[in-house]
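All chains are named by letter (A, B, ...) in the order of the sequence lines, taking the proteins before the strands, and each is independently numbered beginning at 1.
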There are 2 protein chains.
Amino acid sequence: MAETPVGFSRSTEDYLKTIYGLESSGGPALTSAIAEVLEVAPPSVSGMIKRLSESGLVEHAPYRGVQLTNAGRRAALRVVRRHRILETYLTSKLGYDWDSVHEEAERLEHAASDDLIERMAMALGNPQYDPHGAPIPTKDGEIEEPETIALVDVAVGEIAELRMVGDRDPDVLRYLGALGLKPGVLFEVVGRQPFRGPITIRVIRSTKKDTDQVIGNELAQLLHCLVTEEEVG
Amino acid sequence: MAETPVGFSRSTEDYLKTIYGLESSGGPALTSAIAEVLEVAPPSVSGMIKRLSESGLVEHAPYRGVQLTNAGRRAALRVVRRHRILETYLTSKLGYDWDSVHEEAERLEHAASDDLIERMAMALGNPQYDPHGAPIPTKDGEIEEPETIALVDVAVGEIAELRMVGDRDPDVLRYLGALGLKPGVLFEVVGRQPFRGPITIRVIRSTKKDTDQVIGNELAQLLHCLVTEEEVG
DNA sequence: GAACGGATTTAGGCTGGCCTAAATTCTAAT
DNA sequence: ATTAGAATTTAGGCCAGCCTAAATCCGTTC
């Protein structure tokens, strides 16, 4: 039956991906943060960190977190590429919704060969973004650093495009989808309540053109936008 | 990250699939046969058999082999369905060749959800056979028992259709492919050498129409045919 | 019917990856 | 400077699955 594994163990790949994600939102990845994302107990993370650092995939400064080595980052980006190509493929070729596709990709990313991933990428025309707007790393590990800001930081009066949604929770995604808020939507920020209150936007380009939407602060932190121009009113 | 597994463990599924395959070529599955297919040592098989029979998936008569229970057969057929749908999908939608598709499906079958498999089946128009001609079990575990006979047993003068190739070895499949021998090909048996010698067929319908092919005995045992009519001449 | 050889199982060990409980280290507040 | 509390690591265990070496069983042959 000779089942040649496609990369590192599933668990190892999940750790690398998680560490990559935590690093890219600033600083070294802390044990407890990794534990929380992966839903395992902190000592399990300590144990895995030891193995990862013996394999040269991370560097560990005891009690102060872990950083990917170049080899580790490369491996992590390969997993991220797989994941995002898979999500894009499942969504555009097999009718998955953007809220349900994450879970399926989560399992397939560890089983799909590079060959399969490249075939899918080819069939899709080598997409640059996944269904949530996240950039897809290239085959050789380049990834675009998005120059977006959270909706919560866009000033009233500005016109912006929703580029990326920073959450995979199906409920959140379904809710946003029902509001028509997917990457590519263009809108103007028309109001913002003080004290971390909700933000009101007016949709300019989308299926729900010309509607106003009120978005809570929490949600507005997840919506990454590209500010297009300033509405001089 | 909450990675809900999609069925039994990968290892368990491989054992069930293997036992199913051995049972369907007669009698109970022997420890050594399972060990050989899975490329593990016999004691590993003994160990797994104990776990499988504790889970009610097989029945074990010590020293005389193992049989699937109904639950075990159901689980095995689900894996077989996944595998064959995947092979068909990869071949017809992503350009895989019939000789390379087995390995990829071998890994994906443990990661793909039923939902994904049904979407693929739908996209393919619910195919009944995989690229090698093997019947695909239905969603609820029905599988067609093919009424084919091996080429080696077809009499000279008979016309038959190649229905199924009983091997997944890439070299074998590439060779057969080069000869144009894939399921669907219609041919007449025009000669057979004595003493387990080679068999000569004349291709009637295929890309290689009207050519003669000489096929060794070993190979001819792998080619499962449907005898169509007798050439009276 | 005794003994040999092959198949099978038991015994005992290893690794990866998870856990809880206990010990340690760091930080921040007094 | 001390110390409480949080974060982390160490200690020690468990299970799945694999391994090798040794014991056992079965069928067959003399």
Query - A:Met48 CE to C:dT15 C1', straight-line distance once rounded to whole Å - result: 12 Å

Query raised in the report: If only side-chain N and O atoms of A:Arg64 are considered, is one of them under 4.0 Å from the OP1 or OP2 phosphate oxygen of D:dT9?
Result: no

**Report entry** Selected nucleotide, minimal atom distance to A:Arg51 side chain, candidates D:dC19, C:dT8, C:dG17
**Finding:** C:dG17

Report summary line: Which of C:dT9, D:dG17, C:dC26 is nearest the side chain of B:Thr12? It is D:dG17

Report task. Would you kindly give the NZ-to-C1' distance between B:Lys50 and C:dA11, to the nearest whole Å? Result -> 10 Å

Requested in this report: Ignoring backbone atoms, test whether B:His60 places a side-chain nitrogen or oxygen under 4.0 Å from the OP1 or OP2 oxygen of C:dT9.
Outcome: yes

Query raised in the report: So do B:Thr31 and B:Ser46 actually touch side chain to side chain, heavy atoms under 4.5 Å?
Result: yes

Requested in this report: Could you state the atom-to-atom distance from CD of B:Glu13 to P of D:dG17 in whole Å?
Outcome: 11 Å

Query - Check: A:Ser25 side chain, A:Gly21 main-chain N or O, donor-acceptor pair, under 3.5 Å - result: yes

Query raised in the report: Should B:Thr31 be listed as having a side-chain N or O under 4.0 Å from OP1 or OP2 of C:dA7?
Result: no

Report task. Measure from NZ or CZ of B:Arg163 to the centre of the six-membered ring of B:Tyr129, then state whether that distance is under 6.0 Å and the direction lies within 45° of the axis. Result -> yes

Query raised in the report: Where the side chain of B:Val40 is defined as all heavy atoms beyond and including C-beta, which of D:dC26, D:dC18, D:dG17 is the nearest nucleotide?
Result: D:dC18

Requested in this report: Would you kindly give the CD1-to-P distance between B:Ile34 and C:dA7, to the nearest whole Å?
Outcome: 15 Å

Query raised in the report: Does OP1 or OP2 of C:dG16 have a side-chain N or O of A:Tyr15 closer than 4.0 Å?
Result: no

Report task. Check the side chains of B:His60 and B:Gln67 for a donor-acceptor pair under 3.5 angstrom, ignoring hydrogens and angles. Result -> no

Query raised in the report: Can you tell which of C:dT20, C:dT9, D:dG17 lies closest to the side chain of A:Pro43?
Result: C:dT20

Query raised in the report: Where each residue is assigned the nucleotide of DNA chain C containing its nearest heavy atom, which of B:Ala61 and A:Tyr63 is assigned the position nearer the 5′ end?
Result: B:Ala61

Query raised in the report: How close or far is atom C1' of D:dG17 from atom CG of B:Leu52, stated in whole angstroms?
Result: 12 Å

Requested in this report: For A:Ile49 and C:dC18, give me the distance from atom CD1 to atom C1', rounded to whole Å.
Outcome: 15 Å

Report summary line: Out of D:dT9, D:dC25, C:dC18, minimum distance to the side chain of A:Ser44 belongs to C:dC18

Query raised in the report: Do A:Glu218 and A:Arg196 meet the salt-bridge criterion of a basic N to acidic O distance under 4.0 Å?
Result: no

Report task. Please examine the side chains of A:Leu38 and A:Val45, heavy atoms only from C-beta on, and report whether any two atoms are closer than 4.5 Å. Result -> no

Query raised in the report: Once you round it to whole Å, what is the distance between P of D:dG17 and CD of B:Glu54?
Result: 12 Å

**Report entry** Short side-chain N/O contact from B:Ser11 to OP1 or OP2 of D:dC18, under 4.0 Å
**Finding:** yes

Report task. Take atom CG of B:Leu30 and atom P of C:dT8, then tell me their distance rounded to the nearest Å. Result -> 5 Å

Query raised in the report: Which of these nucleotides, C:dT27, D:dC19, C:dT8, is closest to any side-chain atom of B:Ala41?
Result: D:dC19

Requested in this report: May I ask you to evaluate whether B:Ser32 reaches the phosphate of C:dT8, defined as a side-chain N or O under 4.0 Å from OP1 or OP2?
Outcome: yes

